[in-house]
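To keep things clear, I will list the structure first and then write my remarks on it.
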Amino acid sequence: MKPVVLRAAYVPLVDAAPLIVAEAMGFAAAEGLQLDLVAAPSWSAARDMLILGQVDAAHLLSPIPVAGALGLGGVRAELAAVSVLSVNGDVIGVSRRIEERLRADGFAFDLNDAPATARALARAAPGGRLRMGVPFPFSMHRILLDLWARGTALADIAFDIRTVPPPLMRRALADDEIDAFCVGEPWGSVAVESGVGALVLAGRAIWAFAPEKVLAMRRDRAEDPSRNAGALMRAIWAAGRWLSRPDSRDAAAALMARRALIDVPAELIERALSGQLTILQTGQQRHVPSFVEFHAGLATFPWRSQARFIADRLAILHGLDRAEARDVGARVFRTDLYRQNLGPMGIDLPGASEKVEGAIAHPTPVASRRGGITLLPDRFFDGRIFDPALPES
């Protein structure tokens, strides 16, 4: 039988891996699909291709569909996040000038201490100001930076947030357009290898289980069984499970390094997959456990509580009514479609569709259909708790 062709947009990042692997390793074919992968130059391009119907699905920053539902950025769109593609995977890096100041200050470059890194950066910021590059205004990067800045010494300096597409982050740093960045891999490692930057913090040090990217579709297509949303979701789930195996890392890195996909050395991609990051041009390394997750800890489940949290942070940033934003956001993460399309496979699913975010300090078993789900730590660096049932937790 001839496969159904689905076009899917992605931005060249390690966390596009589930889409790339689903096609290359036959998981899409097993569901009767062929994925036509379209590299987008920016997040706005990927979003617009999806909204305009030029692609059937897209690898998107998790806040983009929520922002669209809230009408932010002049774009109101009815998009559905049918699955989380990846959890974590971001790094925060700095220019060589700031690296030198941090070294002189005795900074440890351990990647895991958000408050200490904030104190050091506040002292090293030129003139008490930090020009920070992020890939998109409505991104987990922006939310993480806001959480971090509001709760640390960074609140005492001026933050100048600038939008830079991920593949251009290295150049922006080299051209002195930014002092620092928060970006998904491999582009932080590219900056280190190019000799223009150093890594100072992993994004998971701010929120230990942040839903970074989602598989998004237009709502009408996601809800239409003839549009093959279920087949795509199953292929992506299988790809994520394959990616979670340590013995898949070398093959996955070699696959994604191809010129037509991400076009960077495979070794840089393998760093993200293993969590063994080179932080300085001189070669020092740090290991970040669970640096990026594609499967473990029910990583792909689109918790409505995560969507409520994202909407709440966007509301704070953009002056919206927080309670209303939370309710709108919750409707974007489609746990119902996830259950409908993956449940028949026998996949173990949680009994609830929301949870208290930030409450898990250790791997924790939770109630599920088969009793086999263990959630991974999801703590915030400042110990905050987000209870979706409370109006302003």
Side-chain angles (χ1 to χ4, degrees), residues 8 10 12-31 33 35 37 59 83-91 184-186 189 202-204 208-215 231-258 261-262 264-278 285-302 338 341-343 345-350 360 362-366 368-378:
Y10 75 98
L13 288 155
V14 170
D15 54 32
L19 277 168
I20 294 169
V21 165
E23 174 58 24
M25 300 302 294
F27 299 114
E31 294 292 338
L33 301 178
L35 300 185
L37 300 178
H59 157 242
S83 175
V84 173
L85 281 178
S86 63
V87 167
N88 302 330
D90 294 332
V91 290
E185 282 289 86
S189 290
R204 74 177 310 275
F209 208 75
E212 175 59 30
K213 303 298 190 308
V214 294
L215 177 66
L232 178 59
M233 292 166 66
R234 290 188 291 272
I236 293 298
W237 183 90
R241 181 176 59 177
W242 182 85
L243 281 162
S244 72
R245 293 166 30 193
D247 61 0
S248 297
R249 289 172 186 159
D250 288 346
L255 171 65
M256 289 187 286
R258 293 177 183 174
L261 295 171
I262 299 181
V264 300
E267 194 270 333
L268 298 189
I269 295 173
E270 200 278 333
R271 291 181 192 177
L273 296 177
S274 67
Q276 192 69 25
L277 301 178
T278 298
Q285 294 186 332
R286 298 288 185 272
H287 180 63
V288 181
S290 299
F291 174 75
V292 61
E293 291 286 359
F294 299 107
H295 183 74
L298 205 63
T300 59
F301 190 75
Y338 190 97
N341 289 300
L342 295 183
M345 294 175 63
I347 294 171
D348 204 6
L349 296 173
I360 303 174
H362 309 284
T364 302
V366 296
S368 64
R369 180 187 301 170
R370 292 160 46 197
I373 293 178
T374 297
L375 300 184
L376 298 181
D378 68 349

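Heavy atoms only: backbone and side chains are in, while hydrogens, waters and symmetry mates are out.
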Distance-only, no hydrogens or angles: does the [X] side chain make a donor-acceptor pair with backbone N or O of [Y] under 3.5 Å?
| X | Y | answer |
| --- | --- | --- |
| D378 | A208 | no |
| D348 | G372 | yes |
| Y338 | V84 | no |

From [X] atom [atom1] to [Y] atom [atom2], the distance as rounded to the nearest 0.5 Å:
| X | Y | atom1 | atom2 | answer |
| --- | --- | --- | --- | --- |
| E267 | D250 | CD | CG | 10.5 Å |
| L215 | T300 | CG | OG1 | 10.5 Å |
| N341 | R234 | CG | CZ | 6.0 Å |
| L375 | F209 | CG | CZ | 7.5 Å |
| I236 | H295 | CD1 | NE2 | 13.5 Å |
| D90 | F291 | CG | CZ | 7.0 Å |

Which atom of [X] lies closest to which atom of [Y], heavy atoms considered:
| X | Y | result |
| --- | --- | --- |
| A8 | L19 | CB-CD2, 4.0 Å |
| A28 | L35 | CB-CG, 3.9 Å |
| L13 | E185 | CD2-O, 3.5 Å |
| P18 | A239 | O-CB, 3.4 Å |
| A299 | V87 | O-CG2, 3.7 Å |
| A252 | L273 | CB-CD1, 4.0 Å |

Legend entry - side-chain hydrogen bond (donor to acceptor under 3.5 Å, both in side chains) contacts touching residues 14-23 (sequence neighbours left out):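 Applying side-chain hydrogen bond (donor to acceptor under 3.5 Å, both in side chains) to every pair that reaches into residues 14-23, excluding sequence neighbours, yields D15-H59, D15-K213.
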Legend entry - Those residues that, when tested against R245, pass side-chain hydrogen bond (donor to acceptor under 3.5 Å, both in side chains) (two or more places apart):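 D247.
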Inset, instruction - Mind checking side-chain hydrogen bond (donor to acceptor under 3.5 Å, both in side chains) for Q276 and listing every partner two or more places apart, or none if nothing turns up? - result: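 Listed in chain order: Q285, H287.
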Inset, instruction - Before giving the answer on side chain to side chain contact (heavy atoms under 4.5 Å, CB included), spell out for R286 and L277 the whole-Å C-alpha distance, their side-chain angles and the decisive distance to 0.1 Å. - result: CA-CA 5 Å; R286 298 288 185 272; L277 301 178; 5.6 Å; no
